[in-house]
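The structure under discussion appears below in the form of structure tokens.
In the text below, chain A, chain B and the rest are named by the order of the sequence lines, each starting its count at 1. In what follows, every heavy atom counts, from backbone to side chain, and hydrogens, waters and symmetry copies are set aside.
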Amino acid sequence: MNDHKRVARVFVDVPSQQTDRPFDYEVPTAMRDEVEVGSRVRVPFGPRKLLGYVVAFAPVSDAPRLKPILEVLDLVPPLTPELVSLARWVAQQYLCPVITALHAMVPAVLKGRYQRICRVHPDFAEEDLLPEHERELIRQLREKGEMSPEQALKLPRVSRFLLRRMAADKRIIIEERAGDRVTRKTVIWVGAAKTSEVLRREAKALPAQARRQKEVLQYVADHPDPIPLAQLLTETGAVHATVKRLAEKGLLTWEEREEYRDPFGGRSFERTEPLPLTPEQHQAYDAIAEPLKRREPRTVLLHGVTGSGKTEIYLQAITETLNKGRQAIVLVPEISLTPQMVRRFKGRFGDDVAVLHSGLSDGERYDEWRKIRSGEVRVAIGARSAVFAPFENIGLIIIDEEHESSYKQEEQPKYHARLVASKRIEAHGAVLVLGTATPSVESYYQARTGKLEWVTLNQRVHGRPFPQVDVVDMRNELRGGNRSIFSRPLKQALMECVDRGEQAVLFLNRRGYSTFVLCRDCGKTVECPHCDISLTYHRTNRTLRCHYCGHAEPVPQTCPSCGSSHIRYFGTGTQRVEEELARQLPGLRVIRMDVDTTNRKGAHERLLTAFGEGKADVLLGTQMIAKGLDFPKVTLVGVIAADTMLHLPDYRAAERTFQLLTQVSGRAGRHERPGRVVVQTYTPEHYSIQMAARYETEPFYIQECRLRKQHRYPPYCGLFTILLSHTDKGAVMQAGMRTVRGLQPYMPEGAEILGPVPAPIPRIKDRYRLQVMIKVPPHTDEWNGLTEKLRSLSFLLGDDELRVSIDREGI
DNA sequence: AGCACGCCGACT
DNA sequence: GTCGGCGTGCTC
């Protein structure tokens with residue numbers, strides 16, 4: 001019956017090139033019903049026992065004798081066959097081992113933990129005959145019960161060799177434990193095991209001093225249905241042991257139930273009803289509902305201006321998906337996965353929603369994931385990794401703010417959720433919705449060339465006008481003698497806004513522009529000794545810190561390079577802006593939101609709530625306030641420095657600036673009162689700033705595409721960026737040259753290889769960084785072995801000192 | 001990745 | 001002579 005399951009192909013948990021292929025194992029008869037494609041198993045691998053995933057079943061071959069699978073680890077396989085094949089695609093696409101891709105799809109608790117331990121062999125007793133250092137080891141092992149080999153090696157004269165020999169001589173045992181880190185939360189439920197009459201009778205029969213037991217019995221007789229033990233204890237005032245005693249007498253049921261941890265602390269969410277759609281919204285809705293009906297894979301770019309009501313369209317499209325008996329995934333950028341956002345989805349779909357975000361503990365995350373896997377919920381909402389939600393019948397995937405860079409994972413596998421999602425909808429015949437006011441240039445290009453459906457929403461709900469955007473040239477301000485952070489127009493607007501009793505949001509884009517320390521005499525900044533980057537000044541503990549390696553040092557009294565004492569704090573951190581505000585506009589109530597003030601759990605929400613309740617006039621913050629905020633009283637948005645990221649060495653700099661300004665402008669005047677935006681910049685003539693200010697979306701994308709085409713960047717090419725790093729400057733240079741030379745013969749027709757050049761940050765944590773870029777024509781089919789070559793490169797750890805990481809972007 | 005095996009110099 | 005270091009090669 002299960003004959004086809006006699007041999008399982010397994011990827012084992014060793015991320016190396018040599019082991020990046022399936023290994024065959026015999027499936028013992030008893031496991032054949034249990035094991036599936038996607039099962040997590042424990043297998044012998046050489047001398048070790050490892051975790052692995054079954055990816056296929058193989059025809060029976062009698063040639064080599066196969067080792068058996070030792071254990072199937074989960075009742076329900078964590079992965080579906082679709083996800084297993086997706087993992088192989090991800091590995092192929094992003095040049096990583098298949099096991100790494102598989103691990104990316106499951107919650108951390110399933111990644112297993114290996115620990116090796118040494119303990120004394122149970123049959124061994126004659127330690128008196130051993131040399132001193134071995135006797136000491138045995139003594140310590142006896143005392144502690146067990147030790148890790150690492151601990152043992154710290155003892156004098158204990159080497160790996162010695163441990164091996166002692167194991168061979170049956171003096172000690174070295175064991176490997178592969179196991180779950182799963183900590184399911186179990187709750188004990190207690191109910192009546194007998195009828196209420198019996199319980200009452202038993203209660204009477206108890207001796208008088210068993211008062212608590214009588215009370216408990218009485219309570220359970222009145223409420224015979226099982227309730228959590230903790231609840232019973234608070235209701236009756238009894239203690240754990242009392243109830244346990246009664247259970248042991250067979251009067252009460254005692255049952256351990258697995259429980260989901262509730263990250264929302266039992267908060268209930270107010271139910272919301274669908275809102276009527278405007279004609280424009282309706283059209284957008286139809287563009288989604290139509291292909292959904294036909295079960296055709298389809299991508300829809302929902303290009304809607306800020307405030308055009310995209311979320312309501314999402315909600316109704318999800319409802320339609322659920323009505324069709326299918327499931328939906330909603331991806332949102334981590335930063336906007338706020339309680340406000342969650343509330344909207346929970347409000348419509350209640351317990352049908354699982355939420356996956358980084359604030360959850362591993363255990364909580366696992367619980368939410370299990371709800372998805374078991375089919376208990378039909379909607380999954382989360383950040384990037386939720387794209388791997390293990391649903392079996394997906395109808396809809398929504399990516400909100402699709403242009404956000406956080407959809408790209410920075411660690412291996414370095415996937416982009418948008419591309420993974422488009423792969424998944426192919427498998428499910430589902431619809432992918434890309435929602436944004438400012439599409440990524442890639443998505444815009446695809447829409448333009450007809451590769452995806454393009455729906456625009458040009459009207460704001462209730463027809464609110466767009467705020468007027470004033471661009472202020474800070475060079476003029478400087479010439480006019482204003483050397484403060486605030487231009488006169490911004491200061492003026494702020495005062496007026498507050499006088500009217502309205503609120504303002506001040507946005508400070510910190511990237512590449514935080515406070516640093518500069519010597520006025522020699523012009524040098526204080527740099528990190530381990531990284532090629534200036535240190536940033538943190539007022540809270542008066543230190544200079546490196547944001548890349550965490551190095552911290554006290555603020556120098558004199559310039560480290562010239563000894564001058566004319567040291568100046570430069571740049572504009574949020575703290576600095578806050579102080580400046582206090583000085584220039586005393587009495588203003590300011591809420592500051594940045595990493596420092598939102599570190600603590602729930603701080604984010606608390607600050608926003610306070611602002612929403614009008615407890616401050618100004619909300620001052622970084623990136624995190626650019627998205628999704630919707631406060632009726634906000635009528636002014638100020639951008640302190642619009643061009644800070646324009647000068648970063650990144651071909652997306654203009655795109656990012658345009659997106660950010662457009663998003664930020666969307667925060668003003670969303671309700672009755674008209675809004676206004678003041679943008680401060682040193683480069684007011686730049687097209688990204690000009691066009692954002694005039695809401696010239698279309699012209700911006702046309703211009704940007706023209707430049708990308710001209711300079712050959714995505715979407716007009718595919719791009720591999722190889723980053724090499726090494727502690728030795730010469731060595732990394734050599735590796736770079738070698739890499740380019742080695743890759744040259746594999747370049748497909750029309751591809752070019754650039755570099756090696758120093759990476760944008762040439763040194764981090766004492767490692768020198770070099771970059772090689774490969775541009776390939778879009779839609780390349782003739783790879784000429786390039787990807788295989790790159791793959792082996794990505795596995796190469798060389799002399800251990802050399803590290804390689806490869807990014808893939810573009811088409 | 002680990003962990004054999006195996007070859008080679010340097011200590012009791 | 002063994003001890004201990006490090007370079008290959010293999011894991012169903």
Side-chain angles (χ1 to χ4, degrees), chain A residues 4-29 31-32 35 37 39-72 84 88 91 95-104 111-118 130-134 137 148-169 171-179 411-413 791-805:
Chain A
H4 67 103
K5 288 189 181 174
R6 277 167 63 182
V7 177
R9 307 224 126 132
V10 175
F11 272 89
V12 294
D13 189 11
V14 180
S16 77
Q17 185 164 29
Q18 302 227 284
T19 54
D20 190 30
R21 63 184 175 90
F23 288 84
D24 288 352
Y25 288 89
E26 181 207 324
V27 184
T29 339
M31 292 181 196
R32 293 210 188 134
V35 79
V37 167
S39 287
R40 205 165 53 111
V41 291
R42 210 158 60 87
V43 290
F45 194 68
R48 300 182 287 167
K49 293 169 181 70
L50 295 179
L51 201 146
Y53 283 92
V54 175
V55 296
F57 293 101
V60 179
S61 65
D62 47 4
R65 197 176 274 100
L66 302 175
K67 289 191 187 177
I69 288 178
L70 301 172
E71 194 185 348
V72 178
V84 168
R88 299 185 83 162
L95 313 163
C96 74
V98 172
I99 190 68
T100 309
L102 288 162
H103 276 322
K111 275 169 207 161
R113 132 196 92 168
Y114 298 97
Q115 50 173 18
R116 269 206 310 308
I117 54 128
C118 311
L130 294 177
E132 167 60 27
H133 60 284
E134 291 190 39
L137 174 65
S148 70
E150 291 70 37
Q151 274 178 300
L153 288 172
K154 288 197 185 114
L155 295 174
R157 305 204 53 196
V158 172
S159 66
R160 283 186 185 282
F161 181 86
L162 180 75
L163 289 177
R164 266 207 298 280
R165 209 192 59 209
M166 289 179 76
D169 295 347
R171 292 171 188 164
I172 61 170
I173 294 178
I174 302 173
E175 278 187 316
E176 181 148 28
R177 284 185 193 160
E411 309 87 53
Q412 274 212 25
R791 166 179 291 268
S792 57
L793 196 62
S794 75
F795 280 113
L796 176 109
L797 284 154
D799 34 309
D800 196 39
E801 294 295 311
L802 180 68
R803 283 184 213 156
V804 183
S805 101

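The distance from atom NZ of Lys67(A) to atom P of dC10(C) is 15 Å, rounded to the nearest whole Å. We find that CD1 of Ile69(A) is positioned 13 Å from P of dC12(C), with the value rounded to whole Å. Atom CZ of Arg48(A) is separated from atom P of dA1(B) by 10 Å (rounded to the nearest Å). dA1(B) atom P lies 18 Å from atom CG of Leu51(A), rounded to whole Å. Note: CD (Gln17(A)) to P (dC10(C)) measures 15 Å, nearest angstrom. Between the CD atom of Glu26(A) and the P atom of dC12(C) there is a distance of 13 Å, given to the nearest Å. Rounded to whole Å, the distance from CG on Asp20(A) to C1' on dT11(C) is 14 Å. Look at CG on Asp24(A): it is 13 Å from C1' on dT11(C), rounded to the nearest Å.
Looking at heavy-atom distances under 4.0 Å, Pro15(A) makes no contact with the nucleic acid at all. Nucleic acid contact for Tyr25(A): sugar-phosphate only, since backbone atoms but no base atoms lie under 4.0 Å from a heavy atom of the residue.
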Run the side-chain contact (heavy atoms from CB on, under 4.5 Å) check on Val54(A) and Val35(A) step by step: do they pass?
-> CA-CA 8 Å; Val54(A) 175; Val35(A) 79; 3.9 Å; yes
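Using a 4.5 Å heavy-atom cutoff, the side chains of Tyr25(A) and Val12(A) are in contact. Contact of the Pro68(A) side chain with the Val27(A) side chain is not registered, since no non-hydrogen atoms from C-beta on lie closer than 4.5 Å.
Nearest nucleotide to the Thr19(A) side chain, out of dC12(C), dG2(B), dT11(C): dT11(C). Each of dG2(B), dC10(C), dC12(C) was ranked by its minimum atom distance to the side chain of Gln18(A); first place goes to dC10(C).
Evaluation of the salt bridge (charged side-chain N to carboxylate O under 4.0 Å, His left out) rule for Arg6(A) yields no partner, not counting sequence neighbours.
The aromatic ring of Phe45(A) sits over the base of dT11(C), with ring centres less than 5.5 Å apart and planes inclined by under 30°.
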